[in-house]
S.K.: 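After the C-alpha cells below, expect a handful of questions from me.
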Amino acid sequence: MFDRPERGETAILVHVNFGNRSLDEDLLEFEQLALSAGANPAAVIVAKRHEPEAKFFVGSGKAEEIRDAVQLHQADLVLINHPLTPAQERNLERFLECRVLDRIGLILDIFALRARTFEGKLQVELAQLQHLSTRLVRGWTHLERQKGGIGLRGPGETQLETDRRLIRNRMKTIHKRLDKVRSQRGQMRRSRERTPVPTVSIVGYTNAGKSSLFNQLTMAETYVADQLFATLDPTLRRLDIPGYGHVVLADTVGFIRELPHDLVDAFYATLEETREADLLIHVVDVHNEARNEHIAEVESVLKQIEADNVPQIIVLNKIDLLPDCKPHVEYNDQNQPATVWLSALKQQGLDLLKQAIAERLREGFITDILTIPPRLASLRATLYQRGVVQAETIDEQGNCLITVILPSWEIVHLKAQLG
C-alpha cells in the first residue's frame with residue numbers, strides 16, 4: 001500500500017465528457033477548483049464516454065494514460081471532475097499508486113480551507129465526516145486483511161469498527177452543537193421579527209461578485225478574491241434604502257454545479273437565512289458565457305432548501321466587461337423590477353438596485369394614520385428617517401397624527417405598540 005500524503009501539490013486533472021455539457025466551461029471551472037484548493041495542475045486528461053465504467057470510472061486504457069502522466073510528472077494527487085463511488089476511488093488508488101480525490105472531496109477540501117467561524121468549521125467537518133464515513137475502508141486497507149498464524153490473527157475489522165464508531169460519535173456531537181447554533185439563529189430571527197426589519201439575502205453562483213456587491217452596498221470589508229468560494233461564513237449588515245428605510249443585508253456562501261448534498265445539509269443552518277429572507281438578490285456574472293447554466297444551478301439549490309418561492313431580483317453584474325452596456329432596470333409583466341444591470345466593481349447602477357429593492361419591499365404596503373404621543377417622539381423621528389411619512393398634523397392633545405406608507409403587518413405591529 002502506498003503512503004498517503006497529507007496534502008497533494010502536483011496534480012493530474014481528469015475530466016470525462018459525457019456529451020451533455022460545455023467542455024470548455026467544465027474544464028475552466030475544474031481548474032479553478034484545483035487552484036483554489038492549492039493544487040498545482042501538471043496535466044489535464046480528457047476522456048469521452050457514454051457512461052462511467054464500473055471499475056475505474058474511466059476505461060482501462062485511459063487509466064493507463066493517467067498512470068503514465070502520474071509517473072511522468074511525479075504527481076502525488078489525481079483529481080477527478082466527477083463524483084466517484086468508494087470502490088472506484090479505491091480501485092484507482094491501487095492502480096495509480098497515488099491519492100485520488102473526486103469532485104466532492106475537492107470541494108470539501110476547499111471549504112475546509114476557507115471556513116473561519118466556529119459554526120463554519122463545524123459545518124465543514126460534519127460534511128467531511130459524512131463523506132468519509134462511506135470511504136473509510138479505503139484509507140485502512142492494510143487493516144482489512146485477516147492474517148493467519150500465531151500473533152497475526154487480525155484486529156483489522158476491530159480497528160475499522162473503532163474508527164467508524166469514533167466518526168459516528170463525533171458526528172453526533174457536531175449535530176448537537178449545530179442544533180444549538182440553529183436555535184440561537186432562530187432566537188435572533190424572532191428578535192428581528194419583533195422589531196420589523198426585512199431581510200434581503202444575496203445569493204448566486206460562486207465568483208459572481210456577491211461579496212463585492214455586498215461590500216459596495218454596506219461599506220463592509222468582506223474578503224473578496226477572484227477565486228471560487230472566497231467567502232463561506234455568512235455576514236449580516238444593516239443597509240439604508242432611500243424611500244423605504246432599514247433592511248438587513250445577508251451575504252451567503254456561493255453555489256456551484258453539483259454542490260455536494262452533504263454540504264447543503266451541513267450548511268442548512270446558514271442557508272436558513274436565505275429561506276427566511278423577504279427578498280433574494282440573485283447575482284449573476286453577465287460576462288460568463290455559462291450564465292444561464294449558473295442561474296439554473298442556483299435555482300436548483302434554492303429549491304433544495306425550500307427558498308424557491310422567495311421574491312427575487314436578478315442582478316446582472318460585471319457590465320463593465322461588456323461593450324456599450326449601461327446600468328438599467330428591466331421590469332416584468334407585473335411592472336415589478338425584475339432585473340438590474342450593474343457593475344459592483346465600478347460602482348455603477350447601485351442606486352438603481354436600491355430603488356428596485358425599495359419597490360419590491362413596498363409591495364403590499366398600505367397608507368394609514370398613526371397617532372404618536374409626545375413621549376414617543378423617538379418613533380416619529382425613526383419614521384421620518386426611514387422616509388415613510390406622507391403627511392403630519394397635530395391634534396388638540398399634542399399628539400402627532402402621521403400618515404405613513406408601510407406593510408400592513410407593520411401597521412398592525414405599530415398600532416399595537418402605540419396601544
S.K.: Are any of the side-chain heavy atoms of Asp285 and Asn207 separated by less than 4.5 Å?
M.R.: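 No, too far: nothing below the 4.5 Å cut-off.
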S.K.: What distance do Ile402 atom CD1 and Ile369 atom CD1 have between them, rounded to the nearest 0.5 Å?
M.R.: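 Going from CD1 on Ile402 over to CD1 on Ile369, the span is 11.0 Å.
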S.K.: Can you measure from CG (Leu302) to OG1 (Thr274) and round to the nearest 0.5 angstrom?
M.R.: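 Result: 7.5 Å between the selected atoms.
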S.K.: Give me the atom names and distance for the closest heavy-atom approach of Ile372 to Leu383.
M.R.: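 Shortest heavy-atom contact: CD1-CD1, 3.8 Å.
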S.K.: Assess whether side-chain contact (heavy atoms from CB on, under 4.5 Å) is satisfied between Ile281 and Ile357, documenting all intermediate values.
M.R.: CA-CA 9 Å; Ile281 304 299; Ile357 292 174; 4.0 Å; yes
S.K.: Any ion pair linking Arg67 and Glu97 (charged N to carboxylate O, less than 4.0 Å)?
M.R.: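 No.
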S.K.: May I ask you to decide whether Lys415 forms a salt bridge with Asp368, counting only side-chain N to carboxylate O separations under 4.0 Å?
M.R.: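 Yes.
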S.K.: Hey, is the main chain of Ile167 close enough, under 3.5 Å, to the side chain of Arg170 for a donor-acceptor pair?
M.R.: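 A pair under 3.5 Å: no.
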S.K.: Near Asp351 CG, under 6.0 Å, is it more than 12 heavy atoms from other residues, nucleotides or ligands?
M.R.: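 Result for CG/Asp351: open.
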S.K.: To check you understand the geometry: which heavy-atom pair defines the closest contact between Leu279 and Gln312, and what is its length?
M.R.: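 Scanning both residues completely, I find the closest heavy atoms to be CD1-N, 4.0 Å.
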S.K.: Just checking Glu289: does its CD atom have more than 12 heavy atoms from other residues, nucleotides or ligands closer to it than 6.0 angstrom?
M.R.: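 Counting neighbours around CD of Glu289, 12 or fewer heavy atoms of other residues, nucleotides or ligands fall under 6.0 Å, so no.
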S.K.: If we count only N and O atoms by modelled type, under 3.5 Å, do the side chains of Asp251 and Ser211 hold a donor and an acceptor together?
M.R.: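 Judged by distance alone, the side chains do pair up.
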S.K.: Which heavy atom of Ala63 sits nearest a heavy atom of Val58, and at what distance?
M.R.: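 Nearest pair, atom of Ala63 first, then Val58: N-CG2, 4.0 Å.
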S.K.: Would a 4.5 Å heavy-atom cut-off, applied to side chains only, mark Leu33 and Ile110 as touching?
M.R.: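 Sidechains of Ile110 and Leu33: in contact.
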S.K.: Supply the atom-to-atom distance Leu236 CG to Arg238 CZ, rounded to the nearest 0.5 angstrom.
M.R.: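 Here the interatomic distance stands at 13.5 Å.
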S.K.: If you take all heavy atoms of Ile305 and Arg275, which pair is closest and at what distance?
M.R.: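 Here Ile305 and Arg275 meet closest at O-CD, 3.1 Å.
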S.K.: In the structure I gave you, are the side-chain heavy atoms of Leu322 and His287 within less than 4.5 Å of one another anywhere?
M.R.: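 The answer is yes; the side chains approach within 4.5 Å.
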S.K.: Is the backbone of Lys326 close enough, under 3.5 Å, to the side chain of His328 for a donor and an acceptor to pair up by distance?
M.R.: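 Here the side-chain-to-backbone pair exists.
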S.K.: Nearest 0.5 Å, what's the NE2-CG distance between His246 and Asp240?
M.R.: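 If we round to the nearest 0.5 Å, His246:NE2 and Asp240:CG are 5.0 Å apart.
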S.K.: For Ile313 and His282: C-alpha separation, side-chain torsions, deciding distance, then whether side-chain contact (heavy atoms from CB on, under 4.5 Å) applies.
M.R.: CA-CA 6 Å; Ile313 295 176; His282 182 171; over 6 Å; no
S.K.: Check step by step if salt bridge (Lys or Arg N to Asp or Glu O under 4.0 Å) holds for Glu29 and Arg103.
M.R.: CA-CA 11 Å; Glu29 183 177 280; Arg103 180 183 177 86; 2.8 Å; yes
S.K.: Looking at Arg99 and Glu89, does any basic side-chain N land under 4.0 Å from a carboxylate oxygen?
M.R.: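 No salt bridge links Arg99 with Glu89.
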S.K.: Enumerate donor-acceptor pairs with a distance under 3.5 Å from any side-chain N or O in residues 333-340 to protein atoms, sequence neighbours excluded.
M.R.:
| residue | atom | partner | partner atom | Å |
| --- | --- | --- | --- | --- |
| Gln336 | OE1 | Asn332 | ND2 | 2.9 |
| Gln336 | NE2 | Glu363 | OE1 | 3.2 |
| Gln336 | NE2 | Glu363 | OE2 | 3.0 |

S.K.: The test is side-chain contact (heavy atoms from CB on, under 4.5 Å); show your working for Asp102 and Leu106 and say whether it passes.
M.R.: CA-CA 6 Å; Asp102 69 354; Leu106 179 60; over 6 Å; no
S.K.: Is there a side-chain contact between Asn317 and Val284 in this structure, where contact means two heavy atoms from C-beta onward sitting under 4.5 Å apart?
M.R.: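 Counting from C-beta outward, Asn317 and Val284 never come under 4.5 Å.
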S.K.: Distance alone, cut at 3.5 Å: any donor-acceptor contact between the side chains of Glu293 and Tyr205?
M.R.: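 No, no side-chain donor-acceptor contact under 3.5 Å.
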S.K.: Taking the side chain as C-beta and beyond, is there a heavy-atom pair between Arg380 and Glu392 under 4.5 Å?
M.R.: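 Yes. Closest side-chain heavy atoms under 4.5 Å.
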S.K.: Applying the side-chain contact (heavy atoms from CB on, under 4.5 Å) criterion to Lys346, which one of Asp320, Ile319, Leu321 satisfies it?
M.R.: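 Answer after filtering Asp320, Ile319, Leu321: Asp320.
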S.K.: Is there a donor-acceptor pair closer than 3.5 Å between any side-chain N or O of Thr382 and the backbone N or O of Ser378?
M.R.: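 Such a contact is found between Thr382 side chain and Ser378 backbone.
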S.K.: Is there a side-chain contact (heavy atoms from CB on, under 4.5 Å) between Leu342 and Leu213 once you walk through the steps?
M.R.: CA-CA 10 Å; Leu342 57 77; Leu213 179 62; 4.3 Å; yes
S.K.: Just to verify, what does Tyr331 make a ring-ring contact (aromatic ring centres under 6.0 Å, His included) with, not counting sequence neighbours?
M.R.: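 Partners of Tyr331 under the ring-ring contact (aromatic ring centres under 6.0 Å, His included) test: none.
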S.K.: What I'd like to find out is whether the side chain of Glu125 reaches to under 4.5 Å of the side chain of Ile174, using heavy atoms alone.
M.R.: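 Yes, close enough: below the 4.5 Å cut-off.
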S.K.: Report yes if the side chains of Cys98 and Val70 come closer than 4.5 Å at any heavy-atom pair, otherwise no.
M.R.: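 In contact.
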S.K.: Any donor and acceptor pair, going by atom type alone, linking the side chain of Lys62 with main-chain N or O of Val46 inside 3.5 Å?
M.R.: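 Between the backbone of Val46 and the side chain of Lys62 there is a qualifying donor-acceptor contact (under 3.5 Å).
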S.K.: Are any non-hydrogen side-chain atoms of Leu239 and Val200 less than 4.5 angstrom apart?
M.R.: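 Leu239 does not reach Val200 side chain to side chain.
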S.K.: Tell me whether the count of non-hydrogen atoms from other residues, nucleotides or ligands lying under 6.0 Å of CD in Gln74 goes above 12.
M.R.: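 No - once you tally the heavy atoms of other residues, nucleotides and ligands closer than 6.0 Å, there are 12 at most.
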S.K.: Checking the side chain of Asp278 only, and the main-chain atoms of Thr199 only, is there a donor and an acceptor separated by less than 3.5 Å?
M.R.: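 Yes: the side chain of Asp278 pairs with the backbone of Thr199.
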S.K.: Taking Asn91 for its side chain and Lys55 for its backbone only, find out whether a donor-acceptor pair lies under 3.5 Å.
M.R.: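 Side chain of Asn91 to backbone of Lys55, a donor-acceptor pair under 3.5 Å: yes, one is there.
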S.K.: Please answer whether the main-chain N or O of Leu249 pairs with a side-chain N or O of Arg237 as donor and acceptor at a distance below 3.5 Å.
M.R.: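 Absent.
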S.K.: With the threshold set at 4.0 Å, does a side-chain nitrogen-carboxylate oxygen contact exist between Glu359 and Arg362?
M.R.: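 No, no charged N to carboxylate O under 4.0 Å.
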S.K.: Roughly how far, to the nearest 0.5 Å, is CG of Asn309 from NZ of Lys303?
M.R.: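 Taking NZ in Lys303 and CG in Asn309, the distance rounds to 10.0 Å.
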S.K.: Over all heavy atoms of both residues, which pair between Ala69 and Ile12 is shortest? Give the atoms and the distance, please.
M.R.: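 Heavy atoms of Ala69 and Ile12 come nearest at O-CD1, 3.9 Å.
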S.K.: Quick one: closest heavy-atom pair of Val310 and Ala277, and the distance?
M.R.: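 Here Val310 and Ala277 meet closest at CG1-O, 3.4 Å.
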S.K.: Is the distance between the ring centroids of His82 and Phe57 less than 6.0 Å?
M.R.: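 Here the rings of Phe57 and His82 have centres that are less than 6.0 Å from each other.
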S.K.: Is there a donor-acceptor contact under 3.5 Å linking the side chains of Gln348 and Trp341?
M.R.: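 No pair is found: no donor N or O on one side chain lies under 3.5 Å from an acceptor on the other.
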S.K.: CZ of Arg49 to CZ of Phe18: how many Å apart, nearest 0.5 Å?
M.R.: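 Answer rounded to 0.5 Å: 7.5 Å.
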S.K.: Quick one: does Gln88's side chain have a donor or acceptor within less than 3.5 Å of a partner on Glu53's backbone?
M.R.: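 Flag set: sc Gln88 to bb Glu53 pair under 3.5 Å.
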S.K.: Sort out for me which residue in Asn17, Leu13, Val44, Asn81 forms a side-chain contact (heavy atoms from CB on, under 4.5 Å) with Leu27.
M.R.: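 It is Val44, the one option of Asn17, Leu13, Val44, Asn81 that forms the side-chain contact (heavy atoms from CB on, under 4.5 Å) with Leu27.
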